[in-house]
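These notes concern the structure reproduced below.
By convention in this document, chain letters (A, B, ...) are assigned in the order of the sequence lines, proteins followed by strands, and residues within each chain are numbered from 1.
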Protein chains: 2
Amino acid sequence: MTKSNDAMGYRYIKQTVLDRIQSGEWQPDTLLPSEQDLALEFSCTRTTVNRAMRELAEEGYLQRRRKAGTRVLSAPQRKANFTIPMVRDEVEASGGAYRYALVSAQTVPSPDWLVARLALRPGQAATHVRCMHYSTNTPYQYEDRWIIVESVPEVEQADFKSIGPNEWLVQTVPFTNVELTFMASRADETVAGFLDLPKDEPVFTAERITWLQGQPVTFAKMYFAAGYRMTTQF
Amino acid sequence: MTKSNDAMGYRYIKQTVLDRIQSGEWQPDTLLPSEQDLALEFSCTRTTVNRAMRELAEEGYLQRRRKAGTRVLSAPQRKANFTIPMVRDEVEASGGAYRYALVSAQTVPSPDWLVARLALRPGQAATHVRCMHYSTNTPYQYEDRWIIVESVPEVEQADFKSIGPNEWLVQTVPFTNVELTFMASRADETVAGFLDLPKDEPVFTAERITWLQGQPVTFAKMYFAAGYRMTTQF
DNA sequence: AACGTGTTCATGTCTACACAAATTGGAAAC
DNA sequence: GTTTCCAATTTGTGTAGACATGAACACGTT
């Protein structure tokens, strides 16, 4: 029962509280002691307790309301915090040698489905880039991307022979809003060819739409090689 | 040039800094002013600036290092903060009426692949639950789950006729570590039957492994109906 | 030129205190 | 009994100041 030298810090408090939740000492819906009381128990200031509890709440463990106090969430909507990987990093992390190859790149009027999807003006110019990503010369991902010229005029000067459109965009356009969708689709002739699959094979597919301050920037469809698994821990 | 009444708060500082990044005023890799300087500019204490900048760093906009200072991340590894939805919520959010149906539930010795996957002891008992989730009587998800009895002894008393194993677990077991994997697989006879699909159809599939303080709790494989899209924004 | 070594500076965290904001719960008024 | 309103409580956020930590940089030695 030491009173002040418990190897403190808000991290210690966080961990201790988490342990009490996970051990069942503090069941779901339990009303926890107030910050004041915890500050006493941990012999620190309320500020420190506040930081610990605030972060636990942000991470989805606790629910806090003024005057009502803090309670353990019963049906925790845990937030998976999965980082969107860049293909190059993903490949290299898995021990492969990354290789990029441009298939085609041309600026054309947006097709109707893209106009509808991104709420463009009819005929607005878009650069259509198709390319492949390899891991040690095995197909890894086939990418089919449209970049809206008006939102990113620099795209007309970009040379996608040497750099992938995603890496180029990330370097060129500042932070954006993203909508990411995953699905299972069926390999058509083209995709099957590039990924070296039988036609009609299931393909893990991701769609990515990016905006910059309300302006549509790019639409990308990415087809992953057979057996691809996207994993996240939390 | 007011000096103190700028509608302050760490939120205001966060937004202002974000605006400067997104407007291009502070380009990627730019070294930002120190907390001291920003505190002067916003006429507040360093503590307040610190909170704003710390949160922006947590959100993936900035990179901070002692002595080296704070800079704008060039290749932002944005973190998708997607909440794992419970099937019921997902269905109801989409306007459907949720219905659950148990297919089978029995406690048996763990099959070898599960022993290997979760590092169990050979023959450790597991409850195998198979069930369906419907949205207004349309198949939505087929779930095939194993629950390790030793880690969750209460499972022997659970009645999965009325409550789904996921909802039951969330109510019963406190917070856990989760590994979630998404993939595209091919519908076998069983899955195709339950989801009312042609055999060999691509199926969006999720695997979920859950641990409680190092102990394996459950392994679940979830097969989604045709056309399922998992979307997240950030 | 290469290698430690120590200074310096930006961020990380804490104390101690204060007031604001939200909301509960009960007292007072009807 | 019902409604209204006030006071108490709890979290949210701020100020002011301090020391800790880690990394960059300059300096001096080899």
Using a 4.0 Å heavy-atom cut-off to protein, can you give one letter per nucleotide of nucleotides 8-15 of chain C, 5' to 3': B if the base is in contact, S if only the sugar-phosphate is, - if neither? -BBBBBSB
Going by ring-ring contact (aromatic ring centres under 6.0 Å, His included), A:Tyr228 matches just one of A:Phe204, A:Phe182, A:Tyr142. Which one?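 Exactly one candidate clears the test, A:Phe204.
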Is the shortest side-chain N to carboxylate O distance from [X] to [Y] below 4.0 Å?
| X | Y | result |
| --- | --- | --- |
| B:Arg64 | B:Glu35 | yes |
| B:Glu207 | B:Arg117 | yes |
| A:Glu167 | A:Arg88 | yes |
| B:Glu58 | B:Lys14 | no |

Please determine whether side-chain hydrogen bond (donor to acceptor under 3.5 Å, both in side chains) holds for the pair A:Arg145 and A:Thr218, giving the CA-CA distance in whole Å, both sets of side-chain angles, and the decisive distance to 0.1 Å. CA-CA 7 Å; A:Arg145 183 181 290 267; A:Thr218 181; 3.2 Å; yes
Which nucleotide of DNA chain D is the first, and which the last, in the 5' to 3' direction, to come under 4.0 Å of a heavy atom belonging to chain B?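 Both ends considered, the range comes out as D:dT13 to D:dA24.
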B:Arg99: partners by side chain to side chain contact (heavy atoms under 4.5 Å, CB included), with sequence neighbours left out: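 For B:Arg99 the side chain to side chain contact (heavy atoms under 4.5 Å, CB included) partners, ignoring immediate neighbours, are B:Ala101, B:Tyr134, B:Asn137.
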